[in-house]
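First listed ligand is number 1; within each ligand, the first listed atom is number 1.
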Amino acid sequence: MKLKIGITCYPSVGGSGIIATELGKLLAEKGHEVHFITSGLPFRLGKVYSNIYYHEVSVNHYSVFQYPPYDLTLANKMAEVAIREQLDILHVHYAIPHAICAFLAKEMVGGNLKIVTTLHGTDITVLGYDLSLSEMIRFGIEKSDAVTAVSVNLIEQTERLLNTTNKITPIYNFIDNRVYFKKDCLNLKEEYNIAEHEKVIIHVSNFRPVKRVPDVIRSFYEISKQIDAKLILLGDGPDYSVVCRLVKELGLQQKVLFLGNQKQVADFLSISDLMLLLSEKESFGLALLEAMACEVPVIGTNTGGIPEVIVDGETGFICEIGDIEGVSQKAIEILTSYELHKKMADQSLERANTYFSQETILSKYEDLYYSIIEQR
Ligand code: GMT
């Protein structure tokens with residue numbers, strides 16, 4: 001039975017938007033009908049699919065409202081699309097506000113519409129501590145027909161913090177290995193003036209304070225004392241200028257490449273020897289998985305879902321938050337041993353393609369959809 005699925009996410013460049021969009025594309029490839037109900041065209045949609053529709057949520061800025069009513073407009077749009085298109089499922093990414101909007105839409109529509117909520121992280125690990133929102137997040141989770149989270153750690157945190165009773169199923173994030181694989185991009189090194197013998201370290205994030213990008217710079221500073229290397233920074237965000245200043249202070253201007261938001265992430269990963277993701281909070285760390293699929297070993301911090309992605313000592317290393325010395329030692333270990341690097345690169349690819357492949361994860365979502373539809 002083919003399903004009609006509405007998907008709501010933040011359509012920007014963040015990991016949750018990427019996962020929601022990629023999932024929509026995979027579902028469409030399997031013959032399901034997918035309706036994106038979002039405030040903008042999802043960033044990763046790319047090519048045209050005859051069974052993917054886009055319904056824009058455009059919020060009116062009436063002067064009578066002090067704040068634009070995104071949540072209510074979204075709920076109204078969800079209800080409208082659910083009735084017109086006879087949706088079976090509304091799959092929302094983020095409990096706040098999307099699960100609440102879906103609940104409102106379901107109340108408006110009645111009937112058999114089912115809500116699936118996927119928790120991605122900051123709706124729990126940051127907003128969950130905010131007493132002005134936590135009860136609402138709990139409500140959104142309890143009222144969903146099915147709830148998933150992108151790591152087991154995120155489930156534990158949700159249950160501990162919010163005392164939820166609704167079952168939460170872990171469904172890990174995935175990569176599309178038709179997009180993320182190691183390519184021959186050596187010309188990129190030349191274009192960016194990276195010498196052939198220089199090692200390339202990469203960091204990809206939205207430069208929020210939680211990503212601790214200054215730790216990446218400080219670790220790189222230590223590494224570059226012993227190894228000829230360049231650091232590629234992909235992404236942009238609030239800490240960008242703090243990071244620029246630190247790079248200048250440490251005299252690293254010639255060694256750090258600020259490349260901003262880029263679409264061809266796999267090309268940059270293909271010339272990289274190591275990824276650093278040294279976050280304070282990270283419910284999964286999609287960037288790590290993208291690196292692993294491109295045969296890049298990774299060093300991440302011992303937080304959130306990162307230890308579920310990296311196998312310490314096999315696909316990379318796990319270090320404590322803020323342990324610059326530990327990170328730089330491990331990085332030097334990987335970058336100076338051909339055998340260790342090769343072993344970790346191979347094991348990273350193997351892990352990405354077995355535990356986190358699109359086929360495995362897509363079928364988990366499909367099974368979940370069918371299981372709640374059977375409960376009708
Ligand atoms: O990491 C961010 O700041 C962006 C955020 C998002 O909404 O995209 O990422 C969260 O969801 C991703 C996809 O599930 C996860 O890979 C990230 O680990 C998670 N970020 C945090 O937990 C901080």
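The closest approach between a heavy atom of Tyr10 and any atom of ligand 1 is not below 4.0 Å. Residue contacts with ligand 1 leave out Gly304, since none of its heavy atoms falls under 4.0 Å from the ligand.
Atoms of ligand 1 found under 4.0 Å from any heavy atom of Tyr94 (numbered from 1 in listed order, with element): 5 (C), 6 (C), 7 (O). Interface of Asn206 with ligand 1, defined as ligand atoms under 4.0 Å from a residue heavy atom, comprises 2 (C), 3 (O), 4 (C). Listed by atom number, the atoms of ligand 1 under 4.0 Å from Lys211 heavy atoms are 1 (O), 2 (C), 3 (O). Heavy-atom contacts of Leu286 reach the following atoms of ligand 1: 16 (O) (cutoff under 4.0 Å). Using a 4.0 Å cut-off to heavy atoms of Gly285, the atoms of ligand 1 that qualify are 15 (C), 16 (O), 17 (C), 18 (O).
Of the N or O atoms in Val210, none lie within a sub-3.5 Å distance of an N or O in ligand 1. When only interatomic distances are considered, the shortest N/O to N/O separation between Lys281 and ligand 1 does not fall below 3.5 Å. Considering backbone and side-chain N/O of Ile19, none are found under 3.5 Å from N/O of ligand 1. Below 3.5 Å of separation, one finds an N or O of Gly15 facing an N or O of ligand 1. Between Phe284 and ligand 1, an N or O atom pair is found at a separation short of 3.5 Å.
Under 3.5 Å, the side chains of His91 and Tyr369 contain a donor-acceptor pair of N or O atoms. For the residue pair Thr301 / Ser279, no side-chain donor-acceptor distance below 3.5 Å is found, with atom types taken as modelled. For the residue pair Asn51/Glu33, the side-chain donor-acceptor check at 3.5 Å is not satisfied.
Residue Val150 touches ligand 1 through its side chain alone, judged by heavy-atom distances below 4.0 Å. With a 4.0 Å heavy-atom cut-off, ligand 1 is reached by the side chain of Asn173 but not by its N, CA, C or O.
A distance-only check finds a donor-acceptor pair linking the side chain of Asn166 to the backbone of Ser144 [under 3.5 Å]. Between the side chain of Lys4 and the backbone N or O of Gln86, no donor-acceptor pair lies under 3.5 Å.
Nearest-residue assignment for atom 22 (O) of ligand 1 (options Ser151, Gly121, Cys9, Ser283; heavy-atom criterion): Ser283. Considering only non-hydrogen atoms, atom 17 (C) of ligand 1 lies nearest to Glu282 out of Glu290, Glu282, Arg208, His93.
Tyr355 carries Arg351 over the face of its six-membered ring, with the cationic atom under 6.0 Å from the centre and within 45° of the normal.
Looking at Lys183 and Asp267, a side-chain N of the basic residue comes within less than 4.0 Å of a carboxylate O on the acidic one, giving a salt bridge. A salt bridge is defined here as a Lys NZ or Arg NE, NH1 or NH2 lying under 4.0 Å from an Asp or Glu carboxylate O, and Arg160 with Glu156 fails to meet this definition.
For Tyr49 and Tyr54, the gap between ring centers reaches or exceeds 6.0 Å.
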Run His32 and Glu366 through side-chain hydrogen bond (donor to acceptor under 3.5 Å, both in side chains) and show every step you take.
CA-CA 10 Å; His32 301 292; Glu366 278 184 302; 2.7 Å; yes
